[in-house]
Amino acid sequence: MPEDIDTPCLVADGDRVKANITRMQVAMNERGIRLRPHAKTHKSVAIAGMQLAAGASGITVGTLGEAETFAAAGCIDVFIAYPIWASERKAVRLRALADRIPLKVGIDSVAGSEQLGAAVRDLQVLIEIDSGEHRTGVPAPKAAEVAAAATRAGLEVVGVYTHGGHAYEDATSVISAADDEVSALGAAVDALGAMGLRIDTASAGSTPTALRSARGCVTEERPGTYVFGDRQQVSLGAAAPEDVALFVLATVVGIGETWLVLDCGAKTLSKDRKPWMPGHGILLDFPGLTVDSLYDYHAVVPTPPGVDAPKIGERVTVVPNHVCPVVNLFDRIHVAVNGQIVDIWPVDARGKNA
Ligand code: PLP
């Protein structure tokens, strides 16, 4: 890892990022499925550009602020996969954005459709279906009710989408979550077909399920995390350890009796942690060393007897549990190729969470 940058910082392996982008695109091309990567993972115009150049049909975002950022940079096909509540300020911003690019937005309620339709007439919308994560989305049989409300409100229903986020429940949930995505989208397509509505998009999406749900009625996939991979994806079998492409470079700033302290605290690694995943990240070159607890600026790593550990002042590479919230804590990503920093990718949509 490079020595000439201050820690803590984010370092991407440029070759691996490119390989991850290509691998997913090729896999989707082979299956005849459109790829619309979720840009919340990288929030970077440079990386979105690489994904679009590789063949992505557009990008997915989670907020209006992200959509504005990518649209300003020239991304013209943007789907906000989120049931935005189009209250006054957001309605003005949505109208302005929809005037500039062919925007698509998620909806999942009658009230949300009415609000959105009052804000922007003729906007293209996709109905979110809950395939088992139980976050946003309606059960498939309710898709028709939301579609009818959307049509009444002057919106154009062009598709249905789901996020099989329950794939993250544990290592055994991935296959069933992918099946759930396909069957929930199929049932929703049928429900809309029965009311005479023809749609062109059935969009599934998560990194663990992407390759498994790209079939049947599904026309589009929206994985995001695949671009970097992380400790969670490796645990779920969705990334090989040698494909992980984003790391936190940190320095050992303290040594205790049975622990060491790194300069990458919660304001670097975030505290995101699944109940089944012990710790907050692992030290790449020191097998057996895991970040056990986090303070704002300190990461505490227990050092069991007999386990090789770095010395004070040494730099270490940490593999984060979940890269998406980590990226949102940084202004830039250093790009390394063969151990040299060759580029900087700004995190353009950092903090654009509204
Ligand atoms: N689509 C939606 C609606 C999401 O919420 C997410 C992730 O949170 C994704 C796609 C991408 O999933 P992943 O992070 O597993 O790549």
Side-chain angles (χ1 to χ4, degrees), residues 33-34 36 38 58 60-64 67 77-91 93-95 97-98 102-167 169 176-206 209 213-222:
I33 301 272
R34 296 194 298 269
R36 182 184 285 281
H38 205 312
T60 304
V61 297
T63 69
L64 182 51
D77 192 340
V78 179
F79 170 38
I80 308 178
Y82 197 90
I84 291 184
W85 187 255
S87 51
E88 260 172 56
R89 281 263 317 135
K90 283 211 170 136
R93 289 168 60 202
L94 270 169
R95 267 197 300 277
L97 190 58
L103 187 67
K104 298 176 191 62
V105 178
I107 50 168
D108 74 345
S109 68
V110 170
S113 303
E114 288 164 355
Q115 181 86 2
L116 194 59
V120 195
R121 279 209 82 80
D122 299 328
L123 184 66
Q124 293 197 332
V125 292
L126 282 82
I127 299 169
E128 183 171 5
I129 308 301
D130 179 5
S131 55
E133 185 181 35
H134 305 326
R135 188 180 66 180
T136 42
V138 286
K142 284 208 150 197
E145 187 185 321
V146 177
T151 308
R152 276 197 309 275
L155 301 167
E156 185 190 354
V157 179
V158 295
V160 290
Y161 77 103
T162 193
H163 168 58
H166 50 311
E169 270 166 25
S176 56
D179 290 346
D180 292 346
E181 285 185 315
V182 179
S183 55
L185 288 176
V189 169
D190 289 348
L192 297 193
M195 60 185 280
L197 206 61
R198 281 167 51 86
I199 54 168
D200 61 21
T201 303
S203 176
S206 83
T209 58
S213 61
R215 60 188 155 91
C217 68
V218 173
T219 62
E220 175 182 282
E221 288 282 347
R222 308 181 318 277

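Only a predicted model underlies this, so the values are computations on that prediction, with no experimental measurement involved.
We find that Lys142 and Asp108 are not joined by a salt bridge, their nearest charged nitrogen and carboxylate oxygen being 4.0 Å or further apart.
In this structure, CG on Leu97 lies 6.0 Å from CD1 on Ile80, to the nearest 0.5 angstrom. Leu192 contributes atom CG, which lies 9.0 Å from atom OG1 of Thr151 (distance to the nearest 0.5 angstrom). The CG atom of Leu185 lies 10.5 Å from the CG atom of Asp180; values are rounded to the nearest 0.5 Å. Note: Thr162 OG1 to Asp130 CG = 6.5 Å, rounded to the nearest 0.5 Å.
Annotation: side chain of Glu128 is in contact with side chain of Pro83 (closest heavy-atom distance under 4.5 Å). Two residues are said to be in side-chain contact when any heavy atoms from C-beta on lie closer than 4.5 Å; Val120 and Arg95 meet this criterion. Side-chain contact between Lys104 and Asp77: present, with at least one pair of heavy atoms (C-beta onward) separated by less than 4.5 Å. Side-chain contact between Ile129 and Val138 is present, with heavy atoms from C-beta onward closer than 4.5 Å. Side-chain atoms of Val158 and Ile199, non-hydrogen and from C-beta on, never get closer than 4.5 Å to each other. Side-chain contact between Val157 and Val146: absent, with no pair of heavy atoms (C-beta onward) separated by less than 4.5 Å. Between Ile84 and Lys90, the closest side-chain pair of non-hydrogen atoms falls below 4.5 Å.
Side-chain atoms of Thr60 come within 3.5 Å of backbone N or O of Arg36 as a donor-acceptor pair. Here the side chain of Asp190 pairs no donor or acceptor atom with the backbone of Gly193 at under 3.5 angstrom.
The two residues Asp200 and Thr219 make their nearest non-hydrogen contact at O-OG1, 3.8 Å. Residues Ser213 and Val182 share a closest heavy-atom pair of O-CG2, 3.6 Å. In terms of heavy-atom proximity, His38 sits nearest to Arg222 at CB-O, 3.7 Å. The two residues Glu181 and His163 come nearest to each other via the heavy atoms OE2-C, 3.8 Å. Annotation for Ala143 and Ala188: closest pair CB-CB, 4.2 Å, computed over non-hydrogen atoms. Between Leu116 and Val125 the shortest heavy-atom distance is CD2-CG1, 3.7 Å.
Residues Gln115 and Ser87 bring no donor and acceptor atom of their side chains to less than 3.5 Å of each other. For the 3.5 Å distance criterion, the side chains of Arg34 and Thr201 qualify, holding a donor opposite an acceptor.
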